[in-house]
Amino acid sequence: MTVTEHARNPVVVARDIRKSFGQNQVLKGVNLSVRASEVVVILGSSGSGKSTFLRCLNQLEDIDGGWIEIDGESIGYDYVNGRVRRLSAHRRMLQRRALGMVFQQFNLFQHLTAIGNVMEAPVSVRGIAKSTARAQAMAFLEKVGLADKANLYPYQLSGGQQQRVAIARALAMEPKVMLFDEPTSALDPELVGEVLAVMKDVARSGTTMIVVTHEMGFASEVSDRVVFMDHGVVIQDAPFEDLAANPASGKVASFVRNAKH
Ligand code: ADP
Ligand code: MG
């Protein structure tokens, strides 16, 4: 395979994803493809199913219908002779490691220092020697601009710094795809910029990213495509400029208008 062919291959394919909670059908057939190194922003009103969709990609939720492939591998299930089989817990756990996730609430281990947080999974999950993991963790902390805070605990860090540690922690597992679920929504406004700047760096380094955010500056400057979700379906999937020029609905238009202030 040539480099160009590889670049064209989707790393994430989600087809017709359906998910209900009781009577509430939250995902009604979501489709998305993301190619290597692409940055896709997901927009949509609260309750439109954005978090649920990311959680399905990451197997934090079981899907009711459709299928997901990450890097060509069927996620959660396999399909043999037309029959659907759930993969083993072990296989699913290995698949989950291929995705890094950053949440609105940073979810750091409070009893571990910044570097302890970044080393934890490489040591305990991947079995990397502590000295190697420490050196690698330091490199990831440097990447997010926090090498000088390596030995501080989460309570000694600002919200923006904690979220940058959370990004370093996810990167340290060298995931095929990074998922971000409103990573700046819990931050004081003056701390949003430093987190977005780190995310921009991560994007520039060629990491494949799916980002749920309301930050229109990030959507317009950094994303390759924007996917707009409404009531459990994708109503538009296009570069930001196309969304701005030809919004698929009034809701899309008002999101984009807000972007321009
Ligand atoms: P968004 O992230 O776009 O705001 P969510 O995916 O969080 O939307 O939620 C979509 C809908 O699914 C909402 O109506 C929410 O109440 C419902 N929902 C999400 N998670 C659960 C759950 N674990 N149990 C029941 N309902 C849920
Ligand atoms: Mg959400």
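Indexing begins at 1, ligand by ligand and atom by atom, following the structure's order. All residue numbers in this chain count up from 1 along the given sequence. These numbers come from a predicted model, not from an experiment.
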Identify which one of Gln104, Glu215, Met199 satisfies the side-chain contact (heavy atoms from CB on, under 4.5 Å) criterion when paired with Pro183.
Met199
Please confirm if an N, O or S atom belonging to Thr52, backbone or side chain, lies less than 2.8 Å from the Mg ion (ligand 2).
no
Evaluate the ring planes of Tyr155 and Tyr153, with Trp represented by its six-membered ring, and classify them as parallel (under 30°), tilted (30 to 60°) or perpendicular (over 60°).
parallel
Considering all protein heavy atoms, does one lie under 4.0 Å from atom 16 (O) of ligand 1?
no
Flag: protein heavy atom within less than 4.0 Å of atom 22 (C) of ligand 1
yes
Ligand 1 atoms in contact with Thr52 (distance to a heavy atom under 4.0 Å)
5 (P), 6 (O), 9 (O), 19 (C)
Which of the atoms of ligand 1 are close to Asn24, meaning less than 4.0 Å from one of its heavy atoms?
14 (O)
Purely on distance, is any nitrogen or oxygen of [X] under 3.5 Å from one on ligand 1?
X	answer
Lys50	yes
Val26	no
Gly49	yes

Between [Y] and [X], is there a salt bridge with N-O shorter than 4.0 Å?
X	Y	result
Asp62	Arg92	yes
Glu174	Arg97	no
Lys50	Asp181	no

Report the nearest protein non-hydrogen atom to [atom]: residue, atom name, distance rounded to 0.1 Å.
atom	value
atom 19 (C) of ligand 1	Phe21 CE1, 3.5 Å
atom 4 (O) of ligand 1	Gly47 N, 2.7 Å
atom 7 (O) of ligand 1	Ser51 CB, 3.7 Å

Is Ser46 close enough to touch ligand 1? Criterion: a residue heavy atom under 4.0 Å from a ligand atom.
yes
Any Ser45 heavy atom less than 4.0 Å from ligand 1:
yes
Report the part of Val212 in contact with ligand 1, treating N, CA, C, O as backbone and CB onward as side chain, heavy atoms under 4.0 Å; options are side chain, backbone, both, neither.
neither
Out of curiosity, does Ile115 fall in the hydrophobic cluster containing Val198 (side-chain heavy atoms, cut-off under 4.5 Å, transitive links)?
yes
Treat each ILVMFWY residue as a node, draw an edge where side-chain heavy atoms are under 4.5 Å apart, and state whether Phe103 and Met178 are in one component.
no
Looking only at heavy atoms, what is the nearest atom pair of Asp64 and Ser20, with distance?
OD2-N, 2.7 Å
Side-chain donor or acceptor of Ser223 paired with backbone N/O of Ser220 under 3.5 Å:
no
